[in-house]
Protein chains: 2
Amino acid sequence: MAETLSSQEALKLWHQALLSSVRAEGPDLSARQMALFLQVYLAPPPHTVRGLAATLQISKPAVVRALDTLGRLDFTRRRRDQSDKRNVLIQRTVKGSVFLSEFADWVVTASDTL
Amino acid sequence: MAETLSSQEALKLWHQALLSSVRAEGPDLSARQMALFLQVYLAPPPHTVRGLAATLQISKPAVVRALDTLGRLDFTRRRRDQSDKRNVLIQRTVKGSVFLSEFADWVVTASDTL
DNA sequence: CGCGATCATGTCGGTACCGTACCGAAATGG
DNA sequence: CCATTTCGGTACGGTACCGACATGATCGCG
């Protein structure tokens, strides 16, 4: 378990992890896209467009577009809810898990340099 | 000083901090833009366009555009190098410092929930 | 049934971003 | 001096994003 970070350490952590990601030619996700991506992987399902929009406090079309991008990257997948066909359930993918695992490593490595 | 983070903790930290930023209607910076921004504030000056491009390993026009955006937000400022007028020096601003300080708080708060 | 509410997504005009290629200004050195 | 190199920035064609609004499919209630 980590102890409390100082502000300076927090920024340095963010800086080093982002540097790793950018240099590795990782996908250039915006803050919204990354937040949405992590929400899908870390919060318990089910995830719907409306639910994600409410959680992130952004518009529904913004969620749809972010899902378009994440889907293009094969980081998330859409599936119709068979019990209520108005809903779309957002699911994880293998490729998304792999990227997230790599990303987590960058953060961990950055935290080791503090 | 913080101890080593586990991968799970690293992702949770990132998730919570980004959620705070997105919900606060913070600027929706991309990974590249944020990395560049942090580079300017955390690495020792001077910062030039070419130097930043080399450090981040991205193209020069990408740096120019990121600086356009950060300048529009008043997070960074350009200034001609008077000793070599081909160079542009990238400088910090008060507004950028304020935002970064707020952002650091979000990360620290997120780390406290681990 | 039928009809309003709900859900995701399409459409629109506008803006920002990408990489490649090119530009002019300034510095350098032969 | 003048050719060359080194700067930051711009032009271009293409893609993706934004918010606001409209649409089509589906549900659930009276």
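Everything quoted here is computed from the prediction, not taken from an experiment. By convention in this document, chain letters (A, B, ...) are assigned in the order of the sequence lines, proteins followed by strands, and residues within each chain are numbered from 1. The basis for the numbers below is simple: all heavy atoms, side chains too, and nothing from hydrogens, waters or symmetry mates.
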Asker: To the nearest Å, give me how far apart CG (Asp81(A)) and P (dT6(C)) are.
Answerer: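 Atom CG in Asp81(A) sits about 17 Å away from atom P in dT6(C).
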Asker: Does a side-chain N or O from Thr69(B) land closer than 4.0 Å to OP1 or OP2 of dC17(C), or not?
Answerer: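 Yes, because at least one side-chain N or O of Thr69(B) sits under 4.0 Å from OP1 or OP2 of dC17(C).
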Asker: Without decimals, in angstroms, what is the distance between Leu36(A) CG and dA8(C) C1'?
Answerer: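 So the CG-C1' distance, Leu36(A) to dA8(C), works out to 14 Å.
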Asker: Once you round it to whole Å, what is the distance between P of dA8(C) and CZ of Arg50(A)?
Answerer: 7 Å
Asker: Grab the CG-C1' distance between Asp28(B) and dA16(C) for me, whole Å please.
Answerer: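 The answer, rounded to whole Å, is 12 Å.
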Asker: Just wondering, do Thr48(B) and Leu89(B) contact through their side chains at under 4.5 Å, heavy atoms?
Answerer: yes
Asker: Please give, in whole Å, the distance from dC27(D) C1' to Gln82(A) CD?
Answerer: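 In whole Å, dC27(D) C1' lies 14 Å from Gln82(A) CD.
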Asker: Is there a side-chain contact between Gln91(A) and Thr76(A) in this structure, where contact means two heavy atoms from C-beta onward sitting under 4.5 Å apart?
Answerer: no
Asker: For Ala62(A), answer base if it contacts any base atom (sugar-phosphate contacts may also be present), sugar-phosphate if it contacts only those atoms, and nothing otherwise; contact means non-hydrogen atoms under 4.0 Å.
Answerer: sugar-phosphate
Asker: Any side-chain heavy-atom pair from Trp14(A) and Met34(B) closer than 4.5 angstrom?
Answerer: yes
Asker: With a 4.5 Å cut-off on side-chain heavy atoms, are Arg32(A) and Leu56(A) touching?
Answerer: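 A side-chain contact is absent here, since even the closest heavy-atom pair is not under 4.5 Å.
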Asker: Measuring only between side-chain heavy atoms, which start at C-beta, is Val49(B) closer than 4.5 Å to Lys60(B)?
Answerer: yes
Asker: Can you pull every protein N or O that's under 3.5 Å from an N or O on nucleotides 28-30 of chain D?
Answerer:
none

Asker: Whole angstroms only, please: what is the CG-P distance between Leu70(A) and dA16(D)?
Answerer: 13 Å
Asker: Students often mix this up, so state it plainly: with edges at 30° and 60°, are the rings of Phe99(B) and Trp106(B) parallel, tilted or perpendicular?
Answerer: perpendicular
Asker: Rounding to an integer number of Å, can you tell me how far Gln57(A) CD sits from dC18(D) P?
Answerer: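 That distance rounds to 16 Å.
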Asker: What's the spacing between Lys12(A) NZ and Leu42(B) CG if we round to 0.5 Å?
Answerer: 9.0 Å
Asker: Classify the nucleic acid contact of Thr48(B) as base, sugar-phosphate or nothing, counting any heavy atom under 4.0 Å across all strands shown.
Answerer: sugar-phosphate
Asker: Is there side-chain contact between Arg92(A) and Val40(A), with heavy atoms separated by less than 4.5 Å?
Answerer: yes
Asker: Does a side-chain N or O from Ser59(A) land closer than 4.0 Å to OP1 or OP2 of dC18(D), or not?
Answerer: no
Asker: Taking only side-chain N and O atoms of Gln33(B), does any of them lie within less than 4.0 angstrom of OP1 or OP2 on dC17(C)?
Answerer: yes
Asker: Just wondering, do Leu38(B) and Leu11(A) contact through their side chains at under 4.5 Å, heavy atoms?
Answerer: yes
Asker: Dump every N/O contact between nucleotides 9-15 of chain D and the protein below 3.5 Å, one line per pair.
Answerer:
unit_1 : atom_1 : unit_2   : atom_2 : d
dG9(D) : OP1    : Arg78(B) : NH1    : 3.2
dG9(D) : OP2    : Arg78(B) : NH1    : 2.7
dG9(D) : O6     : Lys60(B) : NZ     : 2.9

Asker: Counting heavy atoms from C-beta on, name the nucleotide in dC7(C), dC18(D), dC7(D) closest to the side chain of Asn87(B).
Answerer: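 The listed nucleotide nearest to Asn87(B)'s side chain is dC7(D).
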